[in-house]
Amino acid sequence: MALPQSLRQSVTPPELELIASQELIDVVPLISMERTAFISGAYGPLRPPNKARIPLWMAVNLKLKKKCHIVAPDWFNVDYLQTRLARETSEPVFSDLPFRFAEISKVLLDVASDDLENPDKLRSLLKDLREARQAKCREGLRQIDHSELSLPNLCSMEINEIRPFFIESMSVLTRLVRNPIVDR
């Protein structure tokens, strides 16, 4: 089945989540497991109650089987996100967040909300953070010129969201600069 044209221009959010699932995350295993080799690398050994660093996809798999608890990354807590939200709303530049924070936080909230402190507040903060960053993206795209767009500290999901619009805008601007309309 062929994808519609709108989906061919950029990666879909589930595909971005799949890419983000390679990120390493800490877990507290509930089972013992020897070091195991996968295509992406070897992970383990898992020995309860010691933390282990494994890919997100493996942590999700173990969590769904009730064989581990996922430890939230350092940046995924209410205090950190409130600080970032305050910066987003008070400073003109994007605050520095992990490149794949949107995808990782969505997966963790979907699969391991019982392992997180105050998941409802986290969801609310992430929504507010997303809205603040989207407003900055829109403002940045208003200032686009034919040679560059500078929006440092965007995350992968945000880049993916503006990519189709940006590509089309740059194409139109380039044509306008190459063939300016002359007043008669």
Side-chain angles (χ1 to χ4, degrees), residues 1-25 40 55-61 63 70 72-113 115-116 118-178:
M1 182 170 127
L3 289 174
Q5 182 63 31
S6 62
L7 293 178
R8 283 187 234 157
Q9 293 179 355
S10 62
V11 183
T12 63
E15 289 171 330
L16 287 173
E17 287 177 25
L18 179 67
I19 294 166
S21 71
Q22 294 300 318
E23 298 286 325
L24 297 179
I25 194 161
S40 61
L56 183 58
W57 63 265
M58 188 175 179
V60 167
N61 187 305
K63 177 66 181 171
I70 296 177
D74 294 338
W75 55 266
F76 199 42
N77 63 64
V78 171
D79 293 336
Y80 183 89
L81 293 177
Q82 282 177 331
T83 302
R84 294 299 177 200
L85 179 59
R87 283 187 190 167
E88 288 296 342
T89 55
S90 64
E91 297 176 7
V93 297
F94 289 93
S95 61
D96 189 25
L97 286 164
F99 186 63
R100 301 204 183 278
F101 88 93
E103 300 94 309
I104 292 170
S105 59
K106 181 186 181 310
V107 169
L108 292 179
L109 285 167
D110 287 349
V111 174
S113 61
D115 290 338
L116 303 172
N118 207 345
D120 293 331
K121 182 70 173 171
L122 290 172
R123 276 188 186 90
S124 174
L125 285 168
L126 286 167
K127 182 177 181 265
D128 294 344
L129 198 55
R130 177 177 164 78
E131 290 170 359
R133 290 174 71 92
Q134 281 180 331
K136 282 185 184 180
C137 276
R138 285 190 297 274
E139 185 59 35
L141 289 172
R142 279 191 196 105
Q143 299 169 3
I144 194 172
D145 69 18
H146 73 282
S147 61
E148 72 173 304
L149 171 66
S150 179
L151 295 172
N153 294 328
L154 284 183
C155 77
S156 63
M157 189 71 76
E158 293 161 339
I159 291 170
N160 192 58
E161 287 172 349
I162 68 169
R163 181 181 290 130
F165 176 78
F166 175 72
I167 291 170
E168 183 64 28
S169 299
M170 288 303 283
S171 174
V172 169
L173 283 172
T174 302
R175 277 185 272 154
L176 288 173
V177 168
R178 284 188 188 154

Asker: Of all residues at least two apart in sequence or in a different chain, which pass the side-chain hydrogen bond (donor to acceptor under 3.5 Å, both in side chains) check with Ser95?
Answerer: Glu88
Asker: Looking only at atom types and distance, does a side-chain atom of Ser105 sit under 3.5 Å from a main-chain N or O of Phe101, one as donor and one as acceptor?
Answerer: yes
Asker: Testing the basics here: between Pro119 and Leu109, what is the closest heavy-atom pair and its distance to 0.1 Å?
Answerer: O-CD2, 3.8 Å
Asker: Pro55 versus Glu23: any side-chain heavy-atom pair under 4.5 Å?
Answerer: no
Asker: Tell me, do Leu108 and Phe76 make a side-chain contact under 4.5 Å, heavy atoms counted?
Answerer: yes
Asker: Which distance, rounded to the nearest 0.5 Å, do you find between the CZ of Phe94 and the CG of Leu154?
Answerer: 4.5 Å
Asker: Quick one: does Pro98's side chain get under 4.5 Å of Ile104's, heavy atoms only?
Answerer: no
Asker: Is the shortest distance from a Lys or Arg side-chain nitrogen in Glu103 or Arg100 to a carboxylate oxygen in the other one below 4.0 Å?
Answerer: yes
Asker: Got a sec, which residues hit side-chain hydrogen bond (donor to acceptor under 3.5 Å, both in side chains) with Thr89, two or more places apart in sequence or on another chain?
Answerer: none
Asker: Given the rule in the side chain to side chain contact (heavy atoms under 4.5 Å, CB included) test, do Phe99 and Ile159 qualify, once you have shown the distances and angles that lead to the verdict?
Answerer: CA-CA 10 Å; Phe99 186 63; Ile159 291 170; 3.8 Å; yes
Asker: Side chains of Leu16 and Asn160, heavy atoms from C-beta outward: is any pair under 4.5 Å?
Answerer: yes
Asker: Do Arg123 and Ser113 touch side chain to side chain, with heavy atoms closer than 4.5 Å?
Answerer: yes
Asker: So, taking the atom named SG in Cys155 and the one named CG in Asp96, what distance separates them when rounded to the nearest 0.5 Å?
Answerer: 11.5 Å
Asker: What residues form a side chain to side chain contact (heavy atoms under 4.5 Å, CB included) with Val78, not counting sequence neighbours?
Answerer: Gln82, Asn118, Lys121, Leu122, Leu125
Asker: For Arg130, is there an ion pair with Glu161 - N to carboxylate O distance below 4.0 angstrom?
Answerer: yes
Asker: Nearest 0.5 Å please: distance from the OG1 atom of Thr12 over to the CD atom of Glu17.
Answerer: 9.0 Å
Asker: Return the minimal non-hydrogen interatomic distance between Asp74 and Asn77, and the atom names on each side.
Answerer: O-ND2, 2.7 Å
Asker: Once rounded to the nearest 0.5 Å, what's the spacing between atom CD of Glu91 and atom NZ of Lys136?
Answerer: 7.0 Å
Asker: How many angstroms lie between atom CZ of Arg138 and atom CZ of Arg133, to the nearest 0.5 angstrom?
Answerer: 13.5 Å
Asker: Within this structure, what is the CG-CG distance for the pair Leu126 and Leu97, rounded to the nearest 0.5 Å?
Answerer: 9.0 Å
Asker: Considering only NZ, NE, NH1 and NH2 on the basic side and carboxylate oxygens on the acidic side, decide whether Asp115 and Lys63 come within less than 4.0 Å.
Answerer: yes
Asker: Closest approach of Trp75 and Tyr80, non-hydrogen atoms and distance?
Answerer: O-CD2, 3.0 Å
Asker: So which heavy atom on Leu56 is nearest to which on Ala20, and how close?
Answerer: CD2-O, 4.1 Å
